[in-house]
Every structure is written in C-alpha cells, then in structure tokens.
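We name chains A, B, ... by the order of the sequence lines, and we start the count at 1 in each one.
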Amino acid sequence: MEFHNGENKISCSKKYNWLFKMSVVDVAPLNSSNSDDFAAFLDTELESTPNTSPEPEEDADETHHSDINRTKRQKIEVMESDSAANESTSQHETTLAVDASVKKNICTHPSGMLGLCTKCGEKWDNQSGVRLEYIHKDVWVSDDEAARIRERDLKNLLRHKKLYLVLDLDHTLLNSTHFIDGDATQEEGYLMNPSDPMQDPLRGSLFKLNSMQMMTKLRPFVHTFLKEANKLFEMYIYTMGERAYALEMANLLDPGKVYFESRVITRSDCTREHKKDLDVVLGQESAVLILDDTEEVWDKRKENLILMERYHFFASSLKQFKHRCKSLSELKSDESEADGTLATVLQVLKKIHTMFFDPDLGENFSGQDVRQILGTVRSQILKGCKIVFSHIFPIDFKAENHKLWKMAERLGATCAKEVDPSVTHVISTDVATAKSRWAVHQKKFLVEPRWLEAANYLWQRQPEDRFPVNKI
Amino acid sequence: MFFHIVLERNMQLHPRHFGRELREKLVSKLMKDVEGTCSGRHGFVVAITGIEDIGKGIIRDGTGFVTFPVKYLCVVFRPFKGEILEATVTMVNKMGFFAEAGPVQIFVSNHVKIQKDSEVRLKIIGTRVNATEIFCIGTIKDDFLGVISDPAGS
C-alpha cells in the first residue's frame, strides 16, 4: 500500500509539474490572457488522450502509466545531469520506482465494488466471497476480509458493551396484510375507515401504506423494546421480504434512523434460497442473538436463535398459517403491552447481556459466547423436571428426535420413556392413557403439550394448573 | 477536476418552435438536455456558459424536425486517479464510508472513526465510468488527508 501511494505521489507531482509550469508562464506580464492560456492547455491535455479506445477508463489508465514512465525518465535525467557523485542515488531511485510497480500488484483485493478493488482502486471483476447488497448494489467481500471486519468490529462493539441483535420483521415485530384482495373480514371493516372511533387505541401503531396497498400493525411494546435494546445491542433487520417493503417497515419502526441505519438485510441478500444465515451479517457469531418466529430458516444458527411467538393481528395472517380462530383485529384486542412477548424477550435479552459482560471478567470478554449463555439461561427454565410423554409421538417414531422431546431437553428437563417415581410431569393430550392415569394416581403433574411450548416462549415455568388435560 | 471546454451536440427541434425565438428555444432545450448529465469521456456537465456556434439546420425526412449542430462552452467535472477532493460523508458502514463530492460518489474502505456528515479530504485511487455515473474509490491514508470538519462543528 505504501509503495502504491508513493507511486501515486509521483504521478501527482507530475500533474503539479505542469501546473507549476503553467504558473511560470503566467508570470508573464499579460495577465489578461491567463484564463485563455489555461483553457487551451487543458484542451490539449484532454486531446492528448488517445481517442480510439472506446473505454474511457482505459484511457485514464494508459495516460497514468505513461505518466509514470515519463516521470521516471525525467527523474533519471535530472539525476544524471546533476553530477557523477550522485549517480549511486539515481540508481537507488530507479530501483525504488521499479520496486513500487512490482509491489503494487501485491494488493490481495479483499473487497470490490462495481468492479473496482476498494483497497487499491484497481480494476477487479472477480466476484468471489460474500455479496452484501444491503451495503451497496454491487459489493463483494472475500471471506478473509469478512472475518477481519468481524473481528475488528467485535472488539469495537465490546468496548461499548454491546452485542449484535438480528430481528425478523413479520410476525416478530409487526404484522402486515394486503388490503385490496378482499382479505379483510367483516369484523375488520373498521380498520378501513380511518375516522372510525374503534381505531383510537391503535393510533400510532396501525399504518396504512397506500403505495404498497398494505396495512401494518406494529406489535405492542415495539417502540420501547427497540429503544431499550438499542442500548445493549447493535441491531439488524433481517427479513425474507422484498427490499422496498423492508425499508418501508424500517421507516415505521425507526423514523429517526437511529436503530438500523443501513443494516437492513432482505431476501435478495440471502446466500441460500429460503434460508437465513449470518454470513451476510458482519458480526461475530459468538456475539449474535437472533429473534425470529420461524425456526426452520435458521437451520445452521439455532444456537443463536430466540424463537418468538408469532404475532397475528390480522385475520388473513391467521388464515395463512391455517389457524382457525378469531384474530386480534376481529376481537378488537391486542397483546399486552406490559407483559407481552416483546416485553418478556427484552428481559431475557437483558439477562443475557448482563451475564455476557460479567463484571468479574474485568475488561476481557473475548472468551464469552452468547450461544453458551443462551443455552444456560434456557436450561434453567425447567430444571429439576423429569418428563414422560404419553400418546404424543407417533408409533415407530424415535422419541429422542421429536420436537417436543428436544425442546424439553433444551429447557433443562430430563426426558424418560417409562414412568418411575422420580418423574415429575406427564405430558399428554388424553387422560385415559395408562401413563396419564398413573400420573393422576401418583399425584404427579399431568399437563398438555402447550405447557412446554408456553415455557419455551415465555422463558418461565408455567403454572401447571393452567394447562390441564381435558377429557375427550 | 473542472474543465471549461467546447462540446458539440446535434439538437432536434420541433417546427412549432421556429420563429424569432428559435435560438432561445434551442439554448434552453440544450441546457435542459445536457446540464447534470454525465459522459464517460468528459465527466459531469456542470453548467453551460456560452454558445460558440449554431450550424445550419437540416430537415429530417418524414418528421419535419430540424437538426442543428450546436457548439457550446461548458464547465465539466471529471475526477481523476490521484486527484485530491473534498467530499461530504453520506453513509458509514462496516466496510468503510461513502462520500459525495457534488455528483460523484466515492467509497473509502477501512476508516477509523468517521461520522456521517463530516467533511473529508481524500485522494481518488480508482474510477469507474459509465454512461450516466462516475464512481470512485478513494483513500484517506496519506499526508494531509482525512477529516477536515466534524458535523458537530467543533
């Protein structure tokens, strides 16, 4: 790099050379012709570039190179004409200049933008590594450079006692629906009429985006959530939606552009179809937490993921997921502001943040890993519970691979296949199974599977009497 | 770098503009068409400063439009490799920052502590020119380069 700069200096000095010559000419008494002279000179300079080449970029390059050669020659001439004593220095100069042109090729081109290397400015069309469309429409960063950026960025972030937080949009922070295709049910009609008094409680969180023919409801508590989380995290939006939609939503969530700036990642940035991954997030994996309502898309990063309960405000959104119940919009109600999902998750985030920046560690947090901490926090939830499932898994299904079994283990419970006195909970949908009857007889907790899911979403063991198994 | 040069353009004019004001019409259309555009060879046309010559018009077959060859004086802005520019930072991200010097967008990688809206002095190390846009790569790693004023004004 330094040598390259040196070379540029040479070409600069050449440029200034002629400027200097110009000013020498200008000292001539006729000041009035100054500007004309100058323009004429510039004209000839412009004309001197070869006209035949169709690519102007190459013109510039060629003149650049010939500039260097000319300067080199000039330099040598000057040196030689000086005196014989200086000859050794002149040789030294030439070798330096040659060295410079050799060293120049050493730039590894760590990243490129619109066909130029961002480090040395040379033409570089190699499109390898990861593409970061959300930074600029045509940016490529090599894997090594991405790793370097991550490392540097993490150090900087840890100094500010912050971590990374990747947020999904739909069903996590908000809920959107198209309003033209007749999706709205009759009970939702009041949403269409902005002057309807029913809308009063929704003011400030319900938005109608005419340009996209969409209606968006922000999740209760989202503004407080972002404000608080911003103190502890550097936040990204990562959505499978279109870029235009994501930017519009980012604008609703963050009108002042203080939370996300340009960190909005959308479908076009994804490196694998229908999957999200952290490779486009320039953050070290050991410091990234993810909030998303869909587990499948993060198949490689489940350890970083905090699964969110889906937020369905509109009826069309429930229909999309094949739920048959009244939507919040139809019931004219909403999630609780004070102890809804976002408020719960914020508490968890704060807890993890405090554990990560453990004061006992002094100032060295490089050994910390959020994935471990997240696992520890999670495994405290059902610690001490021993669970037996009854009539949950299909016959011939390997119980250990079932979603609920894994979930129970992640939450810190131990799972068993057969009942024994140490078992604390039996999870079933049917009171009539042998294990269910055993549970009732032995005064063990008999709960339905939702008890497990609720504990998973709410990060707390739920009162068992709220999840009784009903007689069929 | 700015240049004051003579450029030529063939202007097509609708017959309804023919009359005493023909010359004025031509000039105002020229300004509308040319100012703010970018050509790979000459860079951005910043302003037209005068008309050198308007040639004889030729009627186009079939349409009635007349083509006038117009020579005009204009100020153009063309960034060069090695040029030093002062620019305003428009966006900072993890890879570096974007700055704008008038119509030219410049990217500088690997910055330290650069804030949005501050002014920087940078050196252009690479340019990419297409028909409508000039994009540059710059650096602030050299003597006398870097931030020259903070957004806070301190």
Q: Could you tell me which non-hydrogen atom of A:T118 sits nearest to which non-hydrogen atom of B:S109, and how far apart they are?
A: O-OG, 3.1 Å
Q: Quick one: CG on A:L114 to CZ on B:F107, what's the gap to the nearest 0.5 Å?
A: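 The distance works out to 11.0 Å.
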Q: Tell me whether B:D61 at atom CG has more than 12 heavy atoms from other residues, nucleotides or ligands lying less than 6.0 Å away.
A: no
Q: Run A:E234 and B:K94 through side chain to side chain contact (heavy atoms under 4.5 Å, CB included) and show every step you take.
A: CA-CA 12 Å; A:E234 184 180 274; B:K94 290 190 198 299; 2.4 Å; yes
Q: Would you say CD of B:E8 has more than 12 non-hydrogen atoms from neighbouring residues, nucleotides or ligands within 6.0 angstrom?
A: yes
Q: I'd like to know whether CZ of B:R23 has more than 12 heavy-atom contacts from other residues, nucleotides or ligands below 6.0 angstrom.
A: no
Q: Roughly how far, to the nearest 0.5 Å, is the OG atom of A:S262 from the CZ atom of B:F98?
A: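 Here the rounded value is 9.0 Å.
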Q: Which distance, rounded to the nearest 0.5 Å, do you find between the CD of A:E261 and the NZ of B:K116?
A: 8.0 Å
Q: Return the CD to CD1 distance between A:E122 and B:I137, rounded to the nearest 0.5 Å.
A: 11.5 Å
Q: Using a cut-off of under 4.5 Å for heavy-atom pairs, which of A:I149, A:I135, A:N156, A:L132 has the most such pairs with chain B?
A: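 Option with the top pair count is A:I135.
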Q: Indicate yes or no: at least one non-hydrogen side-chain atom of A:H136 is less than 4.5 angstrom from one of B:Q105.
A: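 They are in contact (side-chain heavy atoms under 4.5 Å apart), so the answer is yes.
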Q: Would you say that more than 12 heavy atoms from the other residues, nucleotides or ligands in this model lie under 6.0 Å from the CD1 of B:I148, or not?
A: yes
Q: What part of B:F135 lies closer than 4.5 angstrom to a heavy atom of chain A: side chain, backbone, both or neither?
A: both
Q: Sub-3.5 Å donor-acceptor pair from the side chain of B:R128 to the main-chain atoms of A:K123, do we have one?
A: no
Q: For B:K29, does the NZ atom sit with more than 12 other heavy atoms under 6.0 Å from it, leaving out its own atoms?
A: yes
